[in-house]
S.K.: 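This is the structure I have questions about; it appears just below.
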Amino acid sequence: MNYLDQLDQMLDANFRIVSIETYDPERVANLFTQLSRFSNKAFYLWEDAEGLHRIGASHIKIPRTASARELLAHINSSKHFGVYILRDFNEWLNEEKSIKELLRIASGDINKVIVLLSDFIDLPQALKPFTLRSKHQMRQAG
């Protein structure tokens with residue numbers, strides 16, 4: 001089974017939050033870009049201060065998503081399925097408001113998947129029952 005199939009299976013599992021810890025988050029983000037080309041799912045990528053954009057249309061930023069609070073409010077209010085890849089979101093996992101908003105998304109009526117992608121993720125205890133956790137150590141070339 002290749003990496004793209006593994007990622008797709010993770011997204012199809014019955015978890016609304018997926019955490020992926022890796023030494024090479026850029027490579028995993030690129031795998032999501034590849035996966036989006038062969039999928040009917042809507043993939044979005046968020047990076048701090050840059051905001052949210054749909055993968056494949058990085059030149060079009062989604063308004064009012066630059067901050068973590070705005071982002072989570074946007075995801076929660078969305079009426080459609082989406083896969084939201086949040087790069088380096090650890091700072092906001094310490095805030096009670098962020099945790100409550102993630103819990104609202106994870107238990108909402110509309111199926112959405114939040115992917116937390118970073119080299120290390122300090123997942124709050126409250127989110128663990130809703131989270132599929134994955135740790136990857138990519139092999140070094142050479």
Side-chain angles (χ1 to χ4, degrees), residues 1-95 97-108 110-142:
M1 179 180 306
N2 68 36
Y3 289 130
L4 296 180
D5 291 336
Q6 289 176 9
L7 287 176
D8 202 31
Q9 284 185 351
M10 290 169 69
L11 298 176
D12 288 339
N14 289 324
F15 288 91
R16 299 280 185 94
I17 302 172
V18 175
S19 71
I20 301 176
E21 291 183 34
T22 176
Y23 292 114
D24 195 354
E26 189 63 36
R27 180 173 179 209
V28 175
N30 288 335
L31 288 171
F32 276 112
T33 300
Q34 290 177 39
L35 184 60
S36 73
R37 292 181 187 134
F38 305 104
S39 176
N40 60 354
K41 297 176 177 94
F43 287 83
Y44 300 90
L45 179 65
W46 179 85
E47 294 182 89
D48 190 23
E50 292 185 28
L52 186 69
H53 68 269
R54 186 156 181 174
I55 290 180
S58 61
H59 60 289
I60 303 172
K61 301 292 183 200
I62 297 173
R64 295 176 298 284
T65 60
S67 75
R69 282 203 180 101
E70 291 174 321
L71 168 74
L72 293 175
H74 172 81
I75 294 170
N76 195 28
S77 68
S78 174
K79 303 296 181 202
H80 305 285
F81 173 82
V83 177
Y84 298 89
I85 302 149
L86 313 183
R87 293 277 309 263
D88 301 320
F89 201 74
N90 278 323
E91 179 180 338
W92 294 275
L93 292 176
N94 294 322
E95 292 185 5
K97 287 182 181 181
S98 295
I99 295 169
K100 285 181 181 178
E101 198 71 23
L102 285 166
L103 286 171
R104 227 175 273 132
I105 294 165
S107 60
I110 299 170
N111 189 16
K112 303 167 192 169
V113 179
I114 305 288
V115 177
L116 303 171
L117 176 60
S118 189
D119 56 349
F120 173 76
I121 298 169
D122 189 14
L123 194 67
Q125 189 66 34
L127 296 177
K128 288 183 180 179
F130 300 94
T131 305
L132 172 65
R133 301 185 77 185
S134 178
K135 291 186 181 189
H136 295 273
Q137 182 174 357
M138 303 291 186
R139 293 187 185 126
Q140 297 293 327

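What's counted below: heavy atoms across the whole structure, side chains too, no hydrogens, waters or symmetry copies.
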S.K.: Looking at every non-hydrogen atom in both residues, tell me the closest pair between Ile17 and Ala106 and how far apart they are.
M.R.: CD1-CB, 4.2 Å
S.K.: Holding to side-chain hydrogen bond (donor to acceptor under 3.5 Å, both in side chains), I want the full list of residues that pass it with Asp12, two or more places apart in sequence or in another chain.
M.R.: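 Lys41.
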S.K.: Which residues satisfy the side chain to side chain contact (heavy atoms under 4.5 Å, CB included) test with Ala42, sequence neighbours excluded?
M.R.: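 Once residues adjacent in sequence are excluded, the partners of Ala42 under the side chain to side chain contact (heavy atoms under 4.5 Å, CB included) criterion are Tyr44, Arg54.
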S.K.: Carefully, step by step, assess Phe81 and Asn40 under the rule side chain to side chain contact (heavy atoms under 4.5 Å, CB included).
M.R.: CA-CA 11 Å; Phe81 173 82; Asn40 60 354; over 6 Å; no
S.K.: Do Leu127 and Leu103 make a side-chain contact, defined as non-hydrogen atoms from C-beta onward lying under 4.5 Å apart?
M.R.: yes
S.K.: Would the distance check show the side chain of Asp8 and the main-chain N or O of Leu35 forming a donor-acceptor pair, the cut-off being under 3.5 Å?
M.R.: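 Not a single qualifying donor-acceptor pair exists.
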S.K.: State which residues pass salt bridge (charged side-chain N to carboxylate O under 4.0 Å, His left out) with Asp122; sequence neighbours excluded, sorted by chain then number.
M.R.: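 Here no residue qualifies.
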S.K.: Which value, rounded to the nearest 0.5 Å, describes the distance between Phe43 atom CZ and Tyr84 atom OH?
M.R.: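 Going from CZ on Phe43 over to OH on Tyr84, the span is 12.0 Å.
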S.K.: Check whether any side-chain heavy atom of Thr22 lies under 4.5 Å from a side-chain heavy atom of Arg27, and answer yes or no.
M.R.: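 They are not in side-chain contact.
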S.K.: Above 12 or not: heavy atoms from other molecules or residues under 6.0 Å from CG of Asn14?
M.R.: no
S.K.: Would a 4.5 Å heavy-atom cut-off, applied to side chains only, mark Leu102 and Ile99 as touching?
M.R.: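 Result no, sub-4.5 Å side-chain heavy-atom pair not found.
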S.K.: To the nearest 0.5 angstrom, please state how far the OG atom of Ser19 sits from the CZ atom of Phe130.
M.R.: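 Going from the OG atom of Ser19 to the CZ atom of Phe130 covers 14.5 Å.
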S.K.: If we ignore hydrogens and angles and just use 3.5 Å, is the side chain of Arg133 paired with the main-chain N or O of Leu123 as donor and acceptor?
M.R.: no
S.K.: What do the steps show when you test Asp48 against Trp92 for side chain to side chain contact (heavy atoms under 4.5 Å, CB included), and what is the final call?
M.R.: CA-CA 10 Å; Asp48 190 23; Trp92 294 275; 3.1 Å; yes
S.K.: Rounded at 0.5 Å granularity, tell me how far CD1 in Ile85 sits from CG in Leu11.
M.R.: 7.5 Å
S.K.: Under the criterion side chain to side chain contact (heavy atoms under 4.5 Å, CB included), I'd like the reasoning laid out for Leu132 against Met10: C-alpha separation, chi angles, the key distance, then a yes or no.
M.R.: CA-CA 8 Å; Leu132 172 65; Met10 290 169 69; 3.9 Å; yes
S.K.: Can you give me the closest heavy-atom contact between Phe89 and Ala68, atom names plus distance?
M.R.: CE1-CB, 3.8 Å
S.K.: Checking Gln34 now: which residues fulfil side chain to side chain contact (heavy atoms under 4.5 Å, CB included) with it, not counting sequence neighbours?
M.R.: Leu4, Leu31, Arg37
S.K.: Among residues two or more places apart or on two chains, list those pairs meeting salt bridge (Lys or Arg N to Asp or Glu O under 4.0 Å) that have a residue in residues 66-83.
M.R.: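 Those involving residues 66-83 are Arg69-Glu95.
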S.K.: Can you confirm whether Lys112 sits close enough to His80 that some side-chain heavy atom of one is under 4.5 Å from a side-chain heavy atom of the other?
M.R.: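 When only atoms from C-beta onward are counted, His80 and Lys112 do not touch, as no gap falls below 4.5 Å.
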S.K.: Is the backbone N or O of Ile75 less than 3.5 Å from a side-chain atom of Ser78, with the two atoms forming a donor-acceptor pair by type?
M.R.: no
S.K.: Ser39 side chain to Ser36 main-chain N or O, any donor-acceptor pair under 3.5 Å?
M.R.: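 No, because the side chain of Ser39 does not come within donor-acceptor range (under 3.5 Å) of the backbone of Ser36.
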S.K.: To the nearest 0.5 Å, how far apart are CG in Leu7 and CG in Asn2?
M.R.: 9.0 Å
S.K.: Quick one: side chain to side chain contact (heavy atoms under 4.5 Å, CB included) partners of Gln125, sequence neighbours excluded?
M.R.: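 So Gln125 forms a side chain to side chain contact (heavy atoms under 4.5 Å, CB included) with Lys128.
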S.K.: A side-chain contact here means heavy atoms from C-beta on lying under 4.5 Å apart; do His53 and Ile60 qualify?
M.R.: no
S.K.: CG/Leu116 to CD1/Ile121 distance, rounded to the nearest 0.5 angstrom?
M.R.: 5.0 Å
S.K.: If we check side chain to side chain contact (heavy atoms under 4.5 Å, CB included) with Leu86, which of these qualifies: Leu45, Val115, Leu71?
M.R.: Leu71
S.K.: Are side-chain heavy atoms of Arg87 and Pro25 found at a separation under 4.5 Å?
M.R.: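 They are in contact (side-chain heavy atoms under 4.5 Å apart), so the answer is yes.
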S.K.: Are the side chain of Thr65 and the backbone N or O of Lys61 linked by a donor-acceptor pair below 3.5 Å?
M.R.: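 Between the backbone of Lys61 and the side chain of Thr65 there is no qualifying donor-acceptor contact (under 3.5 Å).
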S.K.: In Å and rounded to the nearest 0.5 Å, what is the CG to CG distance from Leu117 to Asp88?
M.R.: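 Between atom CG of Leu117 and atom CG of Asp88 there are 7.5 Å.
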